[in-house]
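Before any comments, here is the structure.
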Amino acid sequence: MKFAVLQFPGSNCDQDFLRAVRDVLGSPARMVWHKETEIDPEETVLVPGGFSYGDYLRCGAIAQFSPVMNAVKVAAERGQTILGVCNGFQILCESGLLPGALVRNRDLHFICETIHLRIDNSRTRLTHELKDGDVLRIPIAHGEGNYRVDLETLQDMEAHGQIVFRYVDHDGKDSDSANPNGSLSNIAGICNRSGNVFGMMPHPERAVEDLLGSSDGLKLLKSLLSYA
Amino acid sequence: MKAVVVVTPKTTVLDPQGEAVRNAIHNLGMECVGTTRIGKYIEMEIDGSDLDKTRDQLEEIAKDLLSNPVIEDYRIELSAD
Amino acid sequence: MKAVVVVTPKTTVLDPQGEAVRNAIHNLGMECVGTTRIGKYIEMEIDGSDLDKTRDQLEEIAKDLLSNPVIEDYRIELSAD
Amino acid sequence: MSEPEITPDLIEKHGITQEEYIRIQEILGRDPNFTELGIFSVMWSEHCSYKNSKPELRKFPTTGDKVLVKAGEENAGVLDIGENMAVSFKIESHNHPSAVEPFQGAATGVGGILRDIFTMGARPVANLNSLRFGPITGDSLESKRNRMLLSGVVKGIAHYGNCIGVPTVGGEVVFDPSYNGNPLVNAFSLGILRHDQIRRGAASGVGNPVFYVGAKTGRDGLAGAAFASRDLTEESKEDRPAVQVGDPFMEKLLLEACLELFEHPEAVVGVQDMGAAGLTCSTIETASRGGSGVEVDLNKVPQRESGMTPYEIMLSESQERMLIIVKKGFEDEVRSIFAKWDLDAAEIGYVTDTGKTVIKVGSEVVADVPARELADDGPVYHREVRKPEKLADLQTFNFEKEIPKPDVASCSQALKTLLGAPSLASKRWIFRQYDQQVQKNTVLVPGSDAAVIRVESEQGGDSRFIAMSADCNGRYCALDPRRGAMIAVAESARNCTMTGALPIGCTDNLNFGNPHDPEIFWQFRESVEGMAEACRAFNTPVTGGNVSLYNQNPRGAIDPTPVMAMVGLMEKEADITPSSFQAAGETILLVGGFGSEMGASAYLFEVLGIKRGLPPEMNLEKEVNFQNSVRELIQKGWVSSAHDLSDGGLAVALAECCFDKQVGASVNLSDCPERMDIALFNESQGRAVLAVESEKVADIQEHLQSREIDMIVLGITNASGHLSIELGSESLNCSIEELCETYESSIPNCMVK
Ligand SMILES: Nc1ncnc2c1ncn2[C@@H]1O[C@H](COP(=O)(O)OP(=O)(O)O)[C@@H](O)[C@H]1O
Ligand SMILES: [Mg+2]
């Protein structure tokens, strides 16, 4: 297994992701420029955070039309693992690979802080090294992370274990005060019905060293590695 | 030609920005303002003169790029000048 | 009453968002689109029936709160329904 | 093309004096044309020429064994940090644009300082910001306006920094009525680079092509000169915005493309960003530095609007543009790298040996001016100074006589008032809007004394760590600019020291009122001399800076605000020290003595509404010794946390130490000979609160004794959830949760209004 980190104009967590999987996790990894059109079948695709195309119009709106996104769709259909983080999550929603949309944070501010994240489905490729209910400390940094989806789809997603992460307080309760951005049902991360495409607002790639405050993100990246 | 695409948040979707603006307007003393929603106003100059063809193309663009159907509606206005 | 305030960037002011959207539209194959400018479309429901007074109040709000005259223009549309 | 005639009126409107005009005629040997007049006016503006401040700025120390690029030589200075790595950093103001359009004004301020850094070949890795506003409490129109300014400025800084992917790791914000109508927005950026990556801004090598890269040129930022061009285009001033709009996305592309190009040093001769006075300044400065000339054709300059005149193109302040002098033969490399990033790269001219900057439109010469004379022989003014008359009176203040002795209850209330005063309260509402961690090197985030980031070695060696802090107490400077400026240096150095770092260099932003007022210029000179003396004492050369004058509102000038941004270096990860208490059961030490000075203090101002007295004494020798000693303790591994005393004195510092990990503390101040309010809130300098393991206390005591520094064992950290301070027979006892709530909710509560 190899990691492929997409690079759009305006991506700014691309290098961070590369360093996390290559230097900290010790896995082979490469950058994929947005104009490329091929993704190898054994690659796990990481769609990094940042402000692709300046996030003009809507976050991820313009990036969904980059040439590389066709290759990502093919990879998704082949069942390869795709993980979008922050702006990556927004891009995957915009391109229809994940349900729902991410709108302005409830208080209209960009928010950067370390939050608590509960694992609500530990049977996925991204979380199988953890248990349901485990709480991780992972940073968020976004202005548009307020997850929205119609109620019918939400129920359907719940029923199929597609709600992977929720914002919680330090005791693991998904209270309103633990919800940093107003997301529906405290949703912080989801997956598609087939369980191979993931999107999450928190940044696991930023939480891979104790020196920088937390290494909880490593548990998720390790799950991806050991799944393959 | 000139085209305007107006993109507005769906009425069923929360619009935190609209809420905030309404509150700010109230603070300025204009209490009579009710529901406020904030959308985008996209103005384009367009080469050519085939209104129908352009309208069709714009429909596509508005649906795929300019709006996100999960949360937004759009409206197109096209004029010849 | 219903009011719409349209706030657009002044024509001489750089509109990076408009630029980016125009490029994206070109990449989607609609090359005929020229200058593109993106503004805000603010829709409000308003209690009352005094159009003139409301328009005056809206002028103030549009000038002070909804736009910054240094870089933006605004336009008010007010209708009785 | 018909250009306006050069009349005395037009000359005056360009801000050019009679004598300056005569000087222009001498330099040219003729009258300037309209475009040339515009060129001279911007090159000789205070902003570009420092004509009022230059003689003073020469007083700063600029050399040192770590200095690789000196102040003034290039866009930003460069300091060696070992392992073949270096840092380049600078601070810059965007005060006036932010007053008019807070969001875009602040955003483009950040954009501008970032360009200064990557022009040097460095990758920007950390930003700070230093902000001043009028009060944000209350319901007055003025405070509403101030809240709008704060909100817009913070959003603007966040917008630009977050989008381009440079973490904003710290800063400072102060609220004071003197900044009503004239907020200060000073943005600092620091970049890292290898020694061999340092780029210069000189145009050399006759025939080498001159490239214009980045955003297209529009009529941005021309309002200051709009009067003059109105005749030309019949457009109203309304259409000519003084405030430029920033495009951080464009800058991100420009940054990546430039750094990619710089990986080919053989292709690049010189680089210069286009900041104020855009194309004018960059063509003249590169030619002047290279001792060469430059010739450009404006028809080749990418333009956003049609019908721009040469005057408009030369004076445009459109953002996100750079000038690159390319080695002949490497044109295609440059084009292909910029094409990859979807950017314009236009060859607009070439280097000559004429010593002149020649501007053409096609074959027609529209300006022909000598570069070096324009850059270096501008006017220099030695302004008159006069010590403000009312100062002596303001400085006279006998605290103990004038202020009745308070009881414990009112001290406890005062502590809450201080912690809830927006200038002292938590700035989380602000820094939460900044991405503090992108690039994954931020070790100490905002909330600590100084921010600390990691710099990884590119040669496989150990990482190094850079601390940075921006500080200035404007109230101190208003009451004694010399001392206040010294304290700004001492405090920023102290903040670095508390994290374990050794201050190695600094950059300053001198924010003052109108220099034509002798009392203001006295403040300016006093401040510069104070800063210079302190920088010598700390052995921290000034590697660059910025001057912002004319900061006035109708009621007068701002408090003098010479902001100091200090950069410190740490070689060992183990030395990194947090400022807050880490655990219960540690001994709390007060290093540097009980102190006693209340003049100009936050207590006087925030609690009693008095802005008087002499700021605390600054004995530089003592301060340096104090900081060196604390750093030694840290390097010995004896210190768990270290927090310096500044605004609000010991009581505020202790409370702040308790918040982060919600650790309680019980301390005893009974030995302090001073009155209770003085013991708690005095701001005598050179002091810090340390938490240490109790076994280390004896060693620490001995070490500090040998350095002749007072040390007092104050008490112990605990899990009581309370901060209790014994004061003789009485004691002050506060719930940490309550204090923290006061501290954290202050600014958010103001901002919901
Ligand atoms: N404008 C700002 N942007 C980012 N961080 C800020 C800002 N203002 C204050 N901070 C952070 O809040 C903390 C407290 O600031 P301050 O009270 O100025 O500290 P000190 O008294 O140690 O100089 C610091 O970590 C500082 O970096
Ligand atoms: Mg401090």
Side-chain angles (χ1 to χ4, degrees), chain B residues 1-11 15 17-67 72-78, chain C residues 1-11 13 15 17-51 53-67 72-78:
Chain B
M1 289 177 288
K2 238 192 180 140
V4 169
V5 179
V6 177
V7 178
T8 47
K10 272 194 203 303
T11 44
D15 177 17
Q17 207 185 349
E19 278 292 295
V21 166
R22 185 177 63 156
N23 289 338
I25 293 177
H26 285 187
N27 283 342
L28 289 176
M30 194 172 169
E31 302 273 348
C32 57
V33 171
T35 309
T36 303
R37 306 190 71 79
I38 302 193
K40 292 189 197 97
Y41 186 86
I42 305 159
E43 236 171 357
M44 293 170 267
E45 277 165 26
I46 299 183
D47 257 8
S49 56
D50 186 340
L51 281 180
D52 287 344
K53 189 181 145 218
T54 307
R55 190 183 305 279
D56 288 350
Q57 287 182 306
L58 275 180
E59 275 289 339
E60 289 290 303
I61 300 274
K63 188 158 56 69
D64 293 345
L65 173 69
L66 301 180
S67 74
E72 293 166 326
D73 296 320
Y74 65 87
R75 188 175 84 226
I76 297 173
E77 293 161 17
L78 191 62
Chain C
M1 290 178 287
K2 236 189 181 147
V4 169
V5 179
V6 177
V7 178
T8 47
K10 275 190 197 299
T11 47
V13 168
D15 177 18
Q17 181 164 225
E19 277 291 299
V21 168
R22 183 174 64 156
N23 288 336
I25 294 176
H26 285 188
N27 287 338
L28 289 176
M30 194 173 169
E31 302 271 350
C32 57
V33 171
T35 308
T36 302
R37 304 190 75 78
I38 302 192
K40 277 181 288 200
Y41 185 87
I42 304 154
E43 237 173 357
M44 294 171 266
E45 276 164 26
I46 300 184
D47 257 7
S49 56
D50 186 341
L51 280 179
K53 188 183 144 214
T54 306
R55 189 183 307 278
D56 288 350
Q57 287 182 307
L58 276 178
E59 276 288 338
E60 290 291 303
I61 302 271
K63 191 161 54 72
D64 295 343
L65 176 72
L66 302 178
S67 76
E72 292 165 327
D73 295 322
Y74 65 86
R75 192 175 81 224
I76 297 173
E77 292 161 16
L78 192 59

| Contact winner vs chain B - C:Asp64, C:Thr8, C:Asp47, heavy-atom pairs under 4.5 Å | C:Asp47
Proximity breakdown for [X] and chain C, heavy-atom pairs closer than 4.5 Å:
X       : result
B:Leu66 : side chain
B:Thr54 : both
B:Val33 : both
B:Ile25 : both
B:Ile38 : both
B:Leu28 : side chain

| Candidates B:Lys40, B:Lys10, B:Arg37 - the one meeting salt bridge (charged side-chain N to carboxylate O under 4.0 Å, His left out) with B:Glu72 | B:Lys40
Closest non-hydrogen atom pair, [X] against [Y]:
X       : Y       : answer
B:Glu31 : B:His26 : O-NE2, 3.5 Å
B:Ile46 : C:Met30 : CD1-CE, 4.3 Å
C:Ser49 : C:Met1  : N-CE, 3.8 Å
C:Arg22 : C:Thr35 : NH1-N, 3.9 Å

